[in-house]
Structures are given as C-alpha cells and as structure tokens.
Amino acid sequence: MSDLALILCHKQATSARLRFARFGDTVIAARLAHADGDALPHPGALIPAAVARTGLSAGDIRLDPEFEAAMLTPDGTVTVRLGELTAIDPPFDTVAEADGRFVGLTEIRGIPDTERDVLRLIYEHMIG
C-alpha cells in the first residue's frame, strides 16, 4: 500500500514562525489510501479530506505544489504533501475543535520518527 497524506502548517508572515497542526500522536491531517499499482490520486483530493477532519474551509488551505516527501510506515510508503494555512494567524479554535493543536518543531514529541523527519524537510522547505 502506498498512501497519500497531508501535513498542515502555518507560517507567520511577520516573524516566519512555523507551526504544525497536530492531532494526538500524529501530524497527518488527512490520508488517502489506494491500492498498489494504481496511480496516486491527485493531491488536491487531500484538501476535502482535511476540511472534513478539521472543520476548516477549503479556502483556508493552500496545497504547496513544490513539496513532496516519501515516508516509510509499517503499512508501506506514504507520499506526503504540504498544506499551508492561509490565514494571518493560525486557526487555533477551529483546529482545537477537531482535537488538534498547533506546535512548533521544538515542541514535537511523541510522534513517529518518520513523521518528525518529514517535518524537518518541511521546515527546510518553508524557512530555507
């Protein structure tokens, strides 16, 4: 199985502070499964899945066309895409209603090592 997953982040425009939406012990906001041998679904399909999970609107999430990473899991390889939140400030209340919270890279503990490795790649991509 090779799934497609989305991680949500928010970059503060004035300070470049980068935060990730975390849901329990994962930063995966949406995941689409597909059978081996089939083509991956278009990454745009992750947006409605993330909207359904988080309560955000589709316009709140911008899919980053340049970021893609492979992440190994016990179930196989997951292709990870990045969704950047477009609001000036992180939507703390909306994500909290979905049992999530925003955390910085230094606050990430208790998630799988492979997810943490992808967050490092996102940080390098977003901050440079």
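For the numbers below, each heavy atom of this structure counts, side chains included, while hydrogens, waters and symmetry mates do not.
Atom CE of Met126 is separated from atom CG of Leu119 by 12.5 Å, given to the nearest 0.5 angstrom. Note that CG of Leu32 and CG of Leu4 are 5.5 Å apart. Values are rounded to the nearest 0.5 Å. Interatomic distance, Lys11 NZ to Arg17 CZ, rounded to the nearest 0.5 Å: 14.5 Å. Atoms CD1 and CZ, from Ile111 and Arg109 in turn, are 11.0 Å apart once rounded to the nearest 0.5 Å. The NE2 atom of His42 sits 10.5 Å away from atom CD1 of Ile47, with the distance rounded to the nearest 0.5 Å. If you take CZ on Phe20 and CG on Leu105, they are separated by 5.5 Å, rounding to the nearest 0.5 Å.
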* Step-by-step side chain to side chain contact (heavy atoms under 4.5 Å, CB included) determination, Leu85 to Leu56 -> CA-CA 9 Å; Leu85 298 170; Leu56 296 165; 3.7 Å; yes
* Please assess Asp64 against His125 for the test side-chain hydrogen bond (donor to acceptor under 3.5 Å, both in side chains), listing each intermediate value before the final yes or no. => CA-CA 10 Å; Asp64 187 322; His125 173 74; 2.7 Å; yes
* To do: Decide yes or no on salt bridge (charged side-chain N to carboxylate O under 4.0 Å, His left out) for Arg81 and Glu68, but give the supporting numbers first.
  => CA-CA 5 Å; Arg81 300 302 301 254; Glu68 182 176 311; 3.5 Å; yes
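Glu97 places no side-chain N or O within 3.5 Å of a backbone atom of Thr54 that could act as its donor or acceptor partner. Of the possible donor and acceptor atoms, one in the side chain of Glu107 sits under 3.5 Å from a partner among the backbone N and O of Gly104. With hydrogens and angles ignored, the 3.5 Å screen pairs a side-chain donor or acceptor of Glu115 with a backbone N or O of Val27. A donor-acceptor pair under 3.5 Å is absent between the side-chain atoms of Arg31 and the main chain of Ala33, judged by distance alone.
Between Arg116 and Asp113 there is a salt bridge, with a side-chain nitrogen of the basic residue lying less than 4.0 Å from a carboxylate oxygen of the acidic one.
Of all heavy-atom pairs spanning Val51 and Ser57, the tightest one is CG2-C, 3.7 Å. Taking all atoms of both residues into account, the shortest heavy-atom contact from Thr77 to Ala70 is CG2-CB, 4.1 Å.
Taking the six-membered ring where tryptophan is involved, the planes of Phe102 and Phe92 are perpendicular, since the angle between them exceeds 60° and thus also 30°.
Residues Ile61 and Thr86 fail the side-chain proximity criterion, which asks for heavy atoms closer than 4.5 Å.
If you check the side chains of Thr114 and Asp117, you find no donor sitting under 3.5 Å from an acceptor.
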